[in-house]
Amino acid sequence: MSDTTEGSPSYSRTPRTTPTRYKDRATWEQEAIHAILDSAYICHLGFVADGAPVVLPTIYARVGSRLYVHGSTGSRPMRGASGEQGMPVCVTVTQVDALVLTKSAFNHSVNFRSVVAHGTAYQVTDPEELDVALAALVDHAVPGRSAEVRPANPKELAATAVLRLELDEVSAKTREDGADDDPEDVGLPYWSGLIPVTTVHGTPEPHPGTTVPLPAHLRRYPR
């Protein structure tokens, strides 16, 4: 479900997507949430298996207001989501933008952008939707890549599974502040400030068996 906040489409707020601390850092705006999701590669998929919580890192892709999460047909989350009832999950994505160093140990922090999505995940079984999902998973990391590789064969498809999660109950939270020293600490003889954190993509390195020139979609990389 969604609503509109100050003219911008937003996801509906729920008790699970409303933080209890630093509420001013939260947003439900679809544009902001989608931007964070589109900027990262790895999500953490949380679920309950045999009465115990499990959190697994994996790759994902967003298509509209859906998340597709990659996995193996034999994995616990895929087995749990294979039925009509689906599987309750929580998916999180976090980007770290800076280490925040203050003059006191207590006030150290991290500048970040994060998304938390709750809902029921289902295994994708429709062949056409599965094609869309698998192409999106490849293109999310390297735009245009799915058109430049061999598609998965039947044996590979039999070993691959994808979860679908509708982005209905979702919110984002960010911190983009400076090093906020307490007034009584300002005069202390310690360094405070930010250490920016960025992801750097190197120059593509061809495999020895590669004979074709670097394709256009990789010449444009990093995005």
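These numbers were taken from a predicted model, which means no experiment stands behind them. For this chain, numbers begin at 1 and follow the sequence in order. Values reported hereafter were calculated over all heavy atoms of this structure, with side chains retained and with hydrogens, waters and symmetry mates removed.
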Asks: May I have the step-by-step check of side-chain contact (heavy atoms from CB on, under 4.5 Å) for L167 and L37, ending in yes or no?
Replies: CA-CA 11 Å; L167 291 174; L37 292 173; 3.8 Å; yes
Asks: Does W191 belong to the same Ile/Leu/Val/Met/Phe/Trp/Tyr cluster as V197, with side-chain heavy atoms less than 4.5 Å apart forming each link?
Replies: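 The answer is yes; both residues are in one hydrophobic cluster.
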Asks: For the hydrophobic clusters of this structure (ILVMFWY residues joined by side-chain heavy atoms under 4.5 Å, transitively), does one cluster hold both V138 and I42?
Replies: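 Result: no, two separate clusters.
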Asks: Decide yes or no for V170 and Q30: does some side-chain heavy atom of the first lie under 4.5 Å from some side-chain heavy atom of the second?
Replies: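 A side-chain contact is absent here, since even the closest heavy-atom pair is not under 4.5 Å.
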Asks: Drop me the distance from S109's OG to D177's CG, to the nearest 0.5 angstrom.
Replies: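 Atom-to-atom, S109:OG and D177:CG are 8.0 Å apart.
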Asks: Check K23, R25, R113 against K173 for a side-chain contact (heavy atoms from CB on, under 4.5 Å) and give me the one that passes.
Replies: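 Only one option passes, and that is R25.
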Asks: Within the distance-only criterion (no hydrogens, no angle test), does the side chain of E148 pair as donor or acceptor with the backbone N or O of P215 below 3.5 angstrom?
Replies: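 Looks like no, no N/O pair under 3.5 Å.
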Asks: Could you grab the distance from atom CG of L45 to atom CD1 of I59, nearest 0.5 Å is fine?
Replies: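 Output value for this atom pair is 12.5 Å.
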Asks: Between R175 and G178, is there a donor-acceptor pair closer than 3.5 Å when you use the side chain of the first and the backbone of the second?
Replies: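 Checked: pair present.
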Asks: Using the rule that Ile, Leu, Val, Met, Phe, Trp and Tyr join whenever any side-chain heavy atoms are under 4.5 Å apart, tell me whether V116 and L165 fall into a single cluster.
Replies: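 In one cluster: no.
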Asks: Please report the C-alpha distance between N153 and E156 in whole Å, then the side-chain angles of each, then the deciding distance to 0.1 Å, and finally whether the side-chain contact (heavy atoms from CB on, under 4.5 Å) criterion is met.
Replies: CA-CA 5 Å; N153 59 40; E156 293 165 339; 3.2 Å; yes
Asks: Does E31 have more than 12 heavy atoms from other residues, nucleotides or ligands lying within 6.0 Å of its CD?
Replies: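 No, CD of E31 has 12 or fewer neighbouring heavy atoms, counting only those of other groups under 6.0 Å.
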Asks: For a quick test of reading the model, state the closest non-hydrogen atom pair linking W28 to S12 and the distance between them.
Replies: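 Distance-wise, the nearest heavy atoms are CD1-O, 4.2 Å.
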Asks: Checking S39 side chain against I36 main chain: does a donor-acceptor pair fall under 3.5 Å?
Replies: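 Flag set: sc S39 to bb I36 pair under 3.5 Å.
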Asks: Any donor and acceptor pair, going by atom type alone, linking the side chain of T102 with main-chain N or O of H108 inside 3.5 Å?
Replies: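 Yes.
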Asks: Quick one: closest heavy-atom pair of T94 and S114, and the distance?
Replies: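 Between these two residues, the closest heavy atoms are OG1-CB, 3.9 Å.
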Asks: Can you name the nearest heavy-atom pair linking A49 to V54, along with the distance?
Replies: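 Residues A49 and V54, closest heavy atoms: CB-CG2, 4.0 Å.
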Asks: Is V63 reachable from V162 through a run of hydrophobic residues whose side-chain heavy atoms are each under 4.5 Å from the next?
Replies: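 Yes, it is one cluster - the side chains of V162 and V63 are joined through contacts under 4.5 Å.
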Asks: Where is the tightest heavy-atom contact between L214 and R219, given as atom of each residue plus distance?
Replies: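 Taking every non-hydrogen atom into account, O-NH1, 2.6 Å.
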Asks: Walk me through whether T160 and H70 qualify under side-chain contact (heavy atoms from CB on, under 4.5 Å).
Replies: CA-CA 8 Å; T160 304; H70 181 270; 3.7 Å; yes
Asks: Measuring from atom CG of N107 to atom CG of D181, what distance do you get when rounded to the nearest 0.5 angstrom?
Replies: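 If I round to the nearest 0.5 Å, the distance is 7.0 Å.
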Asks: Identify the two heavy atoms, one from T27 and one from I33, that lie closest to each other, and give their separation to 0.1 Å.
Replies: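 Looks like O-CD1, 4.1 Å.
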Asks: Per the side chain to side chain donor-acceptor pair (under 3.5 Å) rule, which among T17, T120, T14 passes with E169?
Replies: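 When side chain to side chain donor-acceptor pair (under 3.5 Å) is applied between E169 and each of T17, T120, T14, only T14 qualifies.
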Asks: Could you go through F106 and D182, starting from their C-alpha distance and side-chain angles, then the distance that decides it, and tell me whether this counts as side-chain contact (heavy atoms from CB on, under 4.5 Å)?
Replies: CA-CA 10 Å; F106 179 80; D182 291 334; 5.8 Å; no
Asks: Drop me the distance from L130's CG to L157's CG, to the nearest 0.5 angstrom.
Replies: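 Atom-to-atom, L130:CG and L157:CG are 6.0 Å apart.
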Asks: How long is the straight-line distance from CG of L163 back to OH of Y122, given to the nearest 0.5 Å?
Replies: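 Here the interatomic distance stands at 11.5 Å.
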Asks: For E166, does its backbone N or O pair with a side-chain atom of R164 as donor and acceptor, under 3.5 Å?
Replies: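 Not a single qualifying donor-acceptor pair exists.
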Asks: Would V91 end up clustered with V48 when hydrophobic side chains under 4.5 Å apart are linked, directly or stepwise?
Replies: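 No, V91 does not connect to V48 through the hydrophobic network.
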Asks: Give the C-alpha distance, both sets of side-chain angles, the deciding distance and a yes or no for side-chain hydrogen bond (donor to acceptor under 3.5 Å, both in side chains) between R62 and H140.
Replies: CA-CA 8 Å; R62 180 184 68 86; H140 175 62; over 6 Å; no
Asks: Supply the atom-to-atom distance H34 NE2 to S65 OG, rounded to the nearest 0.5 angstrom.
Replies: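 H34 atom NE2 to S65 atom OG measures 4.0 Å (nearest 0.5 Å).
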Asks: Which atoms form the tightest heavy-atom contact between A179 and G193, and what is the distance?
Replies: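 The answer is CB-N, 3.7 Å.
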Asks: Okay, side chain of N111, backbone of D97: is any donor-acceptor separation there less than 3.5 Å?
Replies: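 No; zero donor-acceptor contacts below 3.5 Å.
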